[in-house]
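One structure is given here, and the rest of the page talks about it.
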Protein chains: 2
Amino acid sequence: MPTPERTTTEAIVQAGSALLEESGPAGVTMQAVATRVGVRAPSLYKRVRDREALLQAVAGEAADALASRLASSDDDLTALAAVYRGFAHDRPEAFRLLFTPVAPEDALHRASAPVLRACAALVGVEHALDAARLFTAWATGFLQMELAGAFRLGGDVDDAFAYGLQAIVRGLGSGTA
Amino acid sequence: MPTPERTTTEAIVQAGSALLEESGPAGVTMQAVATRVGVRAPSLYKRVRDREALLQAVAGEAADALASRLASSDDDLTALAAVYRGFAHDRPEAFRLLFTPVAPEDALHRASAPVLRACAALVGVEHALDAARLFTAWATGFLQMELAGAFRLGGDVDDAFAYGLQAIVRGLGSGTA
DNA sequence: ACCTGAACACCGTTCAAGT
DNA sequence: ACCTGAACACCGTTCAAGT
């Protein structure tokens, strides 16, 4: 006799995301997720291959959320940088997860279209990809350092972010080739 | 009756580093480390508070190794970038560990003196810290993306690295304030 | 004084048995 | 057709007992 479904993949992924922000990656145990969706741990395996697949799904959802925020931003690097930083502040653990081997390989890629457009406008289509990689690498590294507390000693973090962004835009704008 | 010591903290940390590169963070189990130094797992707790402290020590050793490489490099951003990238390629897992919450807070800080000197020469002492943060953030983000395979699609990675470095040096060199 | 086996708590995962 | 208790393998950690 069929049994009604007591949870959904979506609810599981959402529980995983919530636990991730509350307790970090180690807090995302199958048991904690199961409890949160009102089921026993073995039942999760009906919807999710294993814990790694669950974390991948959480990373995928985060990538989509980031992509959607970036897509509704202005297409210039200053606005995109602010949106990117806002996401990292709102969901620091998910942001970190995106740059982990567990993340789907194309996680970043999905979010990169607006950055590519902004870069093309600044340096031309020919160097847009290199420029986007420069911008993304800087922003990602900066935010990870900020989240890790690497900027505790000296200086204002907001100022350092603005300084870096300006220098990059300057460097890209004055490109020779 | 005293028993001779059958291992040392140094051997334990070195075993941890080797296992980290061979099998990633999950491969650094207390049992695997113990086996590698010829002892049983519980004995490790004589030298190391717990697994997290062991990983911290591994991260600390990696930070020292990186600092030592950077210290014997030329004090210009191009040379430092190449050394930084070389370290990330030689010890990718240790490099990743350095930007993880487990890393000692001052891990990066220890390696930053040469970068600060190079930046001071380029933009003056007043903006050396902001410039060093720009450079370090870019290099770190770029290398993490490279290690994660985020550059699989299109373009030459070496070229993208050189392009980014040039744009940053250009942007820093043409600073206004 | 250091090392170890045994034990405990906890986790991921499987599977036969329930409904 | 989905859910669950029971079981297994594995891991981190503690501790009394060995030498």
Side-chain angles (χ1 to χ4, degrees), chain A residues 1-61 93-94 96-97 100-104, chain B residues 1-61 93-94 96-97 100-104:
Chain A
M1 198 208 306
T3 309
E5 314 192 346
R6 237 160 281 186
T7 185
T8 63
T9 304
E10 197 191 341
I12 290 169
V13 172
Q14 214 246 326
S17 294
L19 282 164
L20 178 68
E21 295 303 337
E22 285 169 23
S23 340
V28 187
T29 68
M30 299 303 271
Q31 325 219 19
V33 171
T35 299
R36 200 175 255 256
V37 299
V39 111
R40 299 289 184 165
S43 299
L44 298 180
Y45 293 83
K46 277 279 148 180
R47 332 253 171 201
V48 154
R49 185 166 30 81
D50 55 16
R51 181 173 178 272
E52 190 181 339
L54 170 53
L55 285 174
Q56 268 172 26
V58 170
E61 184 276 329
E93 293 289 348
R96 261 194 281 262
L97 187 67
T100 277
V102 59
Chain B
M1 198 206 308
T3 308
E5 314 192 347
R6 237 161 279 188
T7 186
T8 63
T9 303
E10 197 191 341
I12 290 169
V13 172
Q14 213 246 327
S17 294
L19 282 165
L20 178 68
E21 295 303 337
E22 287 169 23
S23 337
V28 186
T29 68
M30 299 303 271
Q31 325 220 17
V33 171
T35 299
R36 199 175 254 259
V37 300
V39 110
R40 301 288 185 166
S43 300
L44 297 179
Y45 293 82
K46 276 280 147 176
R47 332 254 170 201
V48 154
R49 187 166 28 82
D50 54 17
R51 182 172 178 272
E52 190 180 338
L54 169 52
L55 285 173
Q56 268 173 26
V58 170
E61 184 275 330
E93 292 289 350
R96 263 193 279 261
L97 187 67
T100 278
V102 57

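Being a predicted model, the structure only gives us computed values, none of them experimental. Throughout, a chain's letter reflects where its sequence line sits, starting with A, and its residues are numbered from 1. What you see below is based on every heavy atom in this structure, not just the backbone, and it leaves out hydrogens, waters and symmetry mates.
For the pair A:E21 and A:A94, the tightest heavy-atom approach, listed with the atom from each and the gap, is OE2-N, 2.8 Å. Scanning both residues, A:A57 and A:V13, for their nearest heavy atoms gives CB-CG2, 3.7 Å.
Listed by residue number, the members of residues 6-21 of chain A with any heavy atom below 4.0 angstrom from DNA chain C form an empty set.
Annotation: B:Q14, atom CD; neighbour count of heavy atoms from other residues, nucleotides and ligands within 6.0 Å does not exceed 12.
Side chains of A:T100 and A:R96 form no contact here, defined as non-hydrogen atoms less than 4.5 Å apart. No side-chain heavy atom of B:P25 sits less than 4.5 Å from a side-chain heavy atom of B:L97. Looking at heavy atoms from C-beta onward, B:R6 lies out of side-chain contact with B:S43 at the 4.5 angstrom threshold. Between B:D50 and B:L54, the closest side-chain pair of non-hydrogen atoms is not below 4.5 Å.
Between the OG atom of B:S23 and the CD atom of B:E93 there is a distance of 9.0 Å, given to the nearest 0.5 Å.
Distances shown here put every side-chain N or O of B:R47 at or beyond 4.0 Å from the OP1 or OP2 atom of C:dA1. An OP1 or OP2 oxygen of D:dC3 is reached within less than 4.0 angstrom by no side-chain nitrogen or oxygen of A:T3.
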Can you give the donor-acceptor pairs under 3.5 Å from side chains of residues 31-42 of chain A to other protein atoms, not counting sequence neighbours?
residue: A:T35; atom: OG1; partner: A:Q31; partner atom: O; Å: 2.9
residue: A:R36; atom: NH2; partner: A:E22; partner atom: OE1; Å: 2.8
residue: A:R36; atom: NH2; partner: A:E22; partner atom: OE2; Å: 2.7

For nucleotides 9-13 of chain D, give me every protein contact, N/O to N/O, under 3.5 Å, one pair per line with atom names.
residue: D:dG12; atom: OP1; partner: B:M30; partner atom: N; Å: 3.4
residue: D:dG12; atom: OP1; partner: B:R51; partner atom: NE; Å: 3.2
residue: D:dG12; atom: OP2; partner: B:M30; partner atom: N; Å: 2.8
residue: D:dT13; atom: OP2; partner: B:Y45; partner atom: OH; Å: 2.9
residue: D:dT13; atom: OP2; partner: B:R51; partner atom: N; Å: 2.9
residue: D:dT13; atom: O5'; partner: B:Y45; partner atom: OH; Å: 3.3

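Across the protein-nucleic acid pair, A:R40 atom CZ and C:dT19 atom P stand 15 Å apart, rounded to whole Å. We find that CG of B:L44 is positioned 17 Å from P of D:dC15, with the value rounded to whole Å. A straight line from NZ of B:K46 to C1' of C:dT4 spans 12 Å, rounded to a whole angstrom.
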_Which nucleotides of DNA chain D pair, in dot-bracket form (Watson-Crick or G-U under 3.5 Å, | meaning another strand)_ = ||.|||||...|||||.||

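Not counting sequence neighbours, A:E10 has no partner by the side-chain hydrogen bond (donor to acceptor under 3.5 Å, both in side chains) test. Annotation: salt bridge (Lys or Arg N to Asp or Glu O under 4.0 Å) contacts of B:E5 (sequence neighbours excluded): B:R47.
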